[in-house]
Amino acid sequence: MRVLSSLVVFVGLSTATSILTADRPFKVDETAASIPEGAPADYQTDIINLTKSESSKAVVHLSKGQSQRRNALRTRDPITAQDFFECATSGNPPAASDCNAVISTVRSTDQALVIAPGACLLFQFNTCWGFFCSLCDRLGTDTDFIGSQLDSAQTLCVSGGSAGTIVGEDAPQWEAGFIRANGQLPNYQADVC
């Protein structure tokens, strides 16, 4: 019995070690996601901080009306247990085809990432900027999860002709979605942290 228990512990440790030392490189905190081979020529990645405005990569803080609308969304049946979404009601939306290119390129990256609190990864292609932000705490994730969240934002908002954001309210909190190129990122950090 002890041999079997030792074998189970060894297999568990071996599996954990293989996950940590997998071929997928980890990018830590202030490093943008990699650009995979075969990505479109105009595809770029970047990282910005939600608390700092940068030219052409500004963060928009929500107005009282937007906060009230978002709070009303919380009282409805959410798309998942503790997530909410908001689609933009004005402005020029990104092209759905550009956002689909962002999603497929993000997913093909196959990369594990650790994102600092308040940091946002940007995935840029033509008219569409996808983003994924860690809101409250340091967040470990991968490009497959990010691609899934971007796919949800595309389905809920972009395919209907709007930019949009999904916010995960459970720890570790995050936001993901799409804006028009050079648009302003939404910032739900103060609302969920």
Side-chain angles (χ1 to χ4, degrees), residues 11-40 43-54 56-61 78-86 99-125 128-154 163-179 181 183-193:
V11 169
L13 290 174
S14 174
T15 302
T17 302
S18 69
I19 291 170
L20 293 174
T21 60
D23 292 337
R24 297 183 335 166
F26 281 82
K27 296 289 184 175
V28 179
D29 295 333
E30 297 297 320
T31 306
S34 300
I35 298 176
E37 279 188 44
Y43 180 81
Q44 299 175 14
T45 63
D46 199 358
I47 190 165
I48 65 167
N49 192 320
L50 276 175
T51 59
K52 297 178 186 174
S53 290
E54 299 178 23
S56 79
K57 296 178 190 166
V59 174
V60 63
H61 296 279
I79 55 173
T80 61
Q82 290 297 314
D83 298 343
F84 67 87
F85 73 97
E86 185 168 43
C99 294
N100 285 331
V102 167
I103 293 166
S104 63
T105 306
V106 166
R107 284 191 161 153
S108 70
T109 304
D110 191 31
Q111 182 180 7
L113 299 158
V114 178
I115 307 168
C120 294
L121 300 174
L122 294 179
F123 307 96
Q124 308 161 16
F125 181 68
C128 185
W129 282 10
F131 60 90
F132 184 89
C133 307
S134 174
L135 297 177
C136 307
D137 300 307
R138 191 171 160 159
L139 171 65
T141 189
D142 60 37
T143 53
D144 191 49
F145 178 79
I146 294 170
S148 293
Q149 302 316 311
L150 293 176
D151 191 36
S152 294
Q154 199 281 344
T165 305
I166 296 175
V167 179
E169 293 184 273
D170 286 341
Q173 296 86 347
W174 51 266
E175 67 183 27
F178 292 106
I179 58 173
Q184 295 180 322
L185 291 177
N187 185 353
Y188 292 92
Q189 192 172 31
D191 299 303
V192 297
C193 296

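Side chains included, hydrogens not; waters and symmetry mates left out as well; all remaining heavy atoms used. Given the structure is predicted, the values throughout are model-derived calculations rather than measurements.
Looking only at distances, a side-chain donor or acceptor of Thr143 sits under 3.5 Å from a matching main-chain atom of Asp110. In this structure, Thr45 contributes its side chain and Ala33 its backbone to a donor-acceptor pair below 3.5 Å.
A search for side chain to side chain contact (heavy atoms under 4.5 Å, CB included) contacts involving Ser134 returns Ile115, Leu139, not counting sequence neighbours. Checked against side chain to side chain contact (heavy atoms under 4.5 Å, CB included), Ser104 has no partners two or more places apart in sequence or in another chain. Residues that satisfy the side chain to side chain contact (heavy atoms under 4.5 Å, CB included) test with Pro40, not counting sequence neighbours, are Tyr43, Thr105, Phe125.
For the pair Asp191/Leu135, no side-chain contact is recorded, criterion being any heavy-atom separation below 4.5 Å from C-beta on. Residues Asp46 and Gln124 meet the side-chain proximity criterion, which asks for heavy atoms closer than 4.5 Å. Two residues are said to be in side-chain contact when any heavy atoms from C-beta on lie closer than 4.5 Å; Glu175 and Val192 fail this criterion.
Put simply, the residue from Phe85, Phe84, Phe131, Trp174 that forms a ring pair (Phe, Tyr, Trp, His ring centres under 6.0 Å) with Tyr188 is Phe84. A side chain to side chain contact (heavy atoms under 4.5 Å, CB included) with Cys99 holds for exactly one of Phe178, Phe123, Trp129; it is Phe178. With Phe132 as the fixed residue, the side chain to side chain contact (heavy atoms under 4.5 Å, CB included) test singles out one of Thr141, Leu122, Leu113: Thr141.
Shortest non-hydrogen contact noted between Gln44 and Ile35 is CA-CD1, 4.1 Å. In terms of heavy-atom proximity, Val106 sits nearest to Gly147 at CG1-N, 3.9 Å. For the pair Val102 and Leu150, the tightest heavy-atom approach, listed with the atom from each and the gap, is CG1-CD1, 4.3 Å. The minimum heavy-atom distance between Ile166 and Gln149, with the atom names listed, is CD1-O, 3.7 Å. Minimum interatomic distance between Pro186 and Ile179 (heavy atoms only, all atoms of both residues): CD-CG2, 4.3 Å. Considering every non-hydrogen atom in both Gly164 and Ala153, the closest pair reads O-CB, 4.3 Å.
In this structure, CZ on Arg107 lies 4.0 Å from OG on Ser148, to the nearest 0.5 angstrom. Atom CG in Asp144 sits 10.5 Å away from atom CG in Asp151 (nearest 0.5 Å).
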* To do: Please step through side chain to side chain contact (heavy atoms under 4.5 Å, CB included) for the pair Gln173 and Val167, ending with a clear verdict.
  => CA-CA 7 Å; Gln173 296 86 347; Val167 179; 5.9 Å; no

* To do: Take Cys120 and Leu185, measure what side chain to side chain contact (heavy atoms under 4.5 Å, CB included) needs, and give me the verdict at the end.
  => CA-CA 9 Å; Cys120 294; Leu185 291 177; 4.1 Å; yes

